[in-house]
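Quick note: numbers below take in every heavy atom, side chains included, and nothing from hydrogens, waters or symmetry partners. Residue numbers start from 1 in every chain, and the chains themselves are labelled A, B, ... in the order their sequence lines are given, proteins ahead of strands. What you see is a predicted model; the values in this text were computed from it and never measured.
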Amino acid sequence: MNSGRYSRNMPALSPEECAVLRQKHVCVVGCGGLGGYIIEILARIGIGALTVVDGDVFDVTNLNRQLLSDETLLGAKKAEIAAARVSRINSDVKITAVSELFTAQNGLRILEGCDLVVDALDNIDSRQVLADVCAKRNLFLVHGAISGWFGQVTVVAPGSKVLDKLYPPRAKDAPKKGNPSFTPAVCASIQAAEAIKLLCGRQTSLLGKLLFIDLRTMEFIKINI
Amino acid sequence: MKVLVKFFVFDLPPDFADAELELPEGSVVNDVLEACLKLFEQRNVTMDVNELKTATVMVNDKWADVGDPIADGDTISIIRPMDGG
């Protein structure tokens, strides 16, 4: 590894924090709109190991926003494409691709050895399964979700049931608002920043707080949860 | 009784502020949601009613269900669920 590789991480991150990141293993569940950017950021900053999980393949509706997609990759497995890109960006990163849907059955195995999990999924049921498995593994989860011009991010402590409260059963019928290209990039960057703080042992700003992002008005509002 | 209603991540007009609603004694969270639908009509806000009916609600920063009672002076936070990625 070139000694200058991480020089621009500093002094925002200390050399000690950069060294800590190189010892950490993060699982990003979902390699779509949010996951593509999150994986990119974590690979470039120098996380030691990444497990990237997605059971889906790229289709034409992904092209408006998903960083990992392009016209030559329609039909390709998202997790495998993510892993290949990470290897090209930063060969220091130990990358594992899991081309399966994350479920209660395979989740414990997938998260084995991880230090932190990032929620980049696109549906409520899978997010709640992920939070349950994180609780069983005693892992913090950095949650993010988008809809239209809006996004939200929070840090979920293991077993806190935040996602069960945030998404009551009726929420599954909420109308969709689309996912334009700019929204996942913002939300994913905030999730990645929180993940990096947690991994470095810094205080997270979003434990017990829910951040709302409104890109129409450029208002960022935190509420207590 | 009067309650303060705050809307989070709804696609409302920029000048649409938090609202103070007058409700009968004994009202529950669902009554607040119904009153909000009327409020939107009064202010000529076009919205899919399902956005409100599927919303997550907090009363005074505590998670609440649609059948939970409310009291005079409560702050009701109404959050539009987002699940996209």
Please check if the number of heavy atoms outside K197(A) that lie under 6.0 Å from its NZ is greater than 12.
yes
Just how far is it from atom OG of S147(A) to atom CD of E51(B), taken to the nearest 0.5 Å?
8.0 Å
Between W63(B) and I225(A), is there a side-chain heavy-atom distance shorter than 4.5 Å?
yes
At what distance, to the nearest 0.5 angstrom, does CZ of F212(A) lie from CE of M82(B)?
6.0 Å
Could you please state which residues from residues 29-52 of chain A sit under 4.5 angstrom from chain B, measuring non-hydrogen atom to non-hydrogen atom, sorted by number, or 'none'?
G32(A), G33(A), L34(A)
Heavy-atom pair with the smallest gap, counting every atom of Y167(A) and D83(B):
OH-CA, 4.1 Å
Can you name the residues that form a salt bridge (Lys or Arg N to Asp or Glu O under 4.0 Å) with D74(B), not counting sequence neighbours?
none
Counting only N and O atoms by type, is there a donor-acceptor contact under 3.5 Å from the side chain of R216(A) to the main-chain atoms of P13(B)?
no
Is K62(B) in contact with chain A via its backbone, its side chain, both, or neither, using a 4.5 Å heavy-atom distance?
neither
Which atoms of D61(B) approach chain A - backbone, side chain, both or neither, heavy atom under 4.5 Å:
both
Heavy-atom pair of closest approach, residues T56(B) and K165(A)
CG2-O, 3.5 Å
Around E22(B), counting heavy atoms of other residues, nucleotides and ligands shown, do more than 12 lie under 6.0 Å from its CD?
yes
Positions in residues 151-158 of chain A that reach chain B, provided some heavy atom is under 4.5 Å away
G151(A), Q152(A)
Which residues, numbered in order, of residues 169-184 of chain A come under 4.5 angstrom of chain B by heavy-atom distance?
R170(A), A171(A), D173(A), A174(A), P175(A), K176(A), K177(A), N179(A)
Out of I223(A), I221(A), D214(A), T217(A), which one racks up the most heavy-atom pairs below 4.5 Å with chain B?
I223(A)
For F150(A) versus F10(B), what's the shortest heavy-atom pair and its separation?
CZ-O, 3.6 Å
